[in-house]
Amino acid sequence: MILRTSFILLLLISTSIQTKTEKELIIGFGSCLHQDHPQEVWISIKKENLDRFFFLGDNVYGDSPLGHLNKMKRSYKKQKTSLPSWLKDITVDSIWDDHDFGKNDGGSTYKLKKQAQELYLEFWEIPISDPRSNREGIYFEKKINFNKKTIQLIGLDTRYFRSDLKGVKGNYEKNLDIDATILGEEQWSWLEEKLRDNFDVAIIASSIQILAKDHPYEKWQNFPNERERLLKLINNSGKNVVLVTGDRHRGGIYKLNNLIELTASSLNRPGGNFNESDKLLVGKTYNQINYGVLEIRNNKVNIVLKDINGDVLESEVLDW
């Protein structure tokens, strides 16, 4: 059990239901935000007039080769003064990835993961009443009532419980071990329960990509049985679901039948200049600075990837 002595009572707990009556709900998404690099992308993001912003992981770069957390503490301290003040006027949500977890490409065997979670809770001002403050892992869900519709926001933890990767960095192999996991059984049971809830559309956030299969880096396809389990769970739910992911320093949109994934990465660390494609990719990937936006109105979700100037790179629409 994780206990903390300081917390902010005014923050809403993760299970709270928030109500919005306007005609459009706008949620921004982004990942890979280095505390020591310029953050000009916030100029365009502010113009989106967001209701919420969701940090998809690597929200600071505080990991070290030995897994120590001194750098993480310094990184969080600097990022606190680097984020734009207007974020305090909207709702902010977050999950972590490896660089704010503490170990590059790290998983369940990382020895300081409990201490890393404590730093995460403090930085994001998660109240003691929030389930994340009293259990292992930073997964959570929120429901938003909007124009007589229910939007379910689900943030997954793909680090705390994840089994070891196989192969070497930049050339990971499939882990087909029968007990290999990304979410761990407790989080799986929780997710299954949440997808049985009543909602009109769910937004599932994962730090690592879910649909993409063809690149050699971290992704759900490193654990094919886990990826198949997730896709089967979503399909069997019969619900409307949008996936949002980060991590890659490349943005893009992927589609499998009616399931769409928006990868928004990076906010200020552009990726390498190489071509990358995938059988499920819509258009192409973009290695420049980018962010994502979901515009929810009526029975439609506009799924948009934008560049640093706010210009559209790719877009898709989910109708339900």
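Salt-bridge check for E122 with K80: failed, with every basic side-chain N at 4.0 Å or more from each acidic carboxylate O. Salt bridge status for E125 with K88: absent, with no side-chain N to carboxylate O gap under 4.0 Å. Salt bridge K143/D197: present, at least one basic N to carboxylate O contact under 4.0 Å. We find that K71 and D63 are not joined by a salt bridge, their nearest charged nitrogen and carboxylate oxygen being 4.0 Å or further apart.
For E48, the salt bridge (charged side-chain N to carboxylate O under 4.0 Å, His left out) partners at least two apart in sequence or on another chain are K306. For the ring pair (Phe, Tyr, Trp, His ring centres under 6.0 Å) test, residues two or more places apart in sequence or in another chain that qualify with Y76 are F123.
Figure legend: cation-pi geometry between R229 and F223 absent, as NZ or CZ is not positioned both under 6.0 Å from the six-membered ring centre and within 45° of its axis.
Here the CD1-CD1 distance, from I154 to I203, works out to 10.0 Å after rounding to the nearest 0.5 Å.
Counting only distance, with no hydrogens or angles, the side chain of N309 and the backbone of D311 share no donor-acceptor pair below 3.5 Å. Of the possible polar contacts, none joining the K255 side chain to the V282 backbone as a donor-acceptor pair under 3.5 Å is found.
Tested against W96, the residues F140, Y139, F55, F101 include a single ring pair (Phe, Tyr, Trp, His ring centres under 6.0 Å) partner, F101.
Sparse packing is recorded around NZ of K300, with 12 or fewer heavy atoms of other residues, nucleotides or ligands lying under 6.0 Å away. More than 12 heavy atoms of other residues, nucleotides or ligands shown are found within 6.0 angstrom of NZ on K149.
Looking at H215 and R248, their side chains come closer than 4.5 Å, going by heavy atoms from C-beta outward. In this structure the side chain of L156 never reaches within 4.5 angstrom of the side chain of I95, judged on heavy atoms. In this structure, the side chains of N59 and W124 come closer than 4.5 Å at one or more pairs of heavy atoms.
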What donor-acceptor contacts under 3.5 angstrom involve side-chain atoms of residues 32-40, with partners at least two apart or in another chain?
| from | atom 1 | to | atom 2 | distance (Å) |
| --- | --- | --- | --- | --- |
| H34 | ND1 | D36 | N | 3.0 |
| Q35 | OE1 | Y61 | N | 2.8 |
| Q35 | NE2 | Y61 | O | 3.0 |
| Q35 | NE2 | S75 | OG | 3.0 |
| D36 | OD1 | K78 | NZ | 2.9 |
| Q39 | OE1 | W42 | NE1 | 2.8 |
| Q39 | NE2 | Q79 | OE1 | 2.8 |

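Ring geometry for F29 against F54 counts as parallel: the plane angle stays under 30°, on a 0 to 90° scale with 60° as the upper cut.
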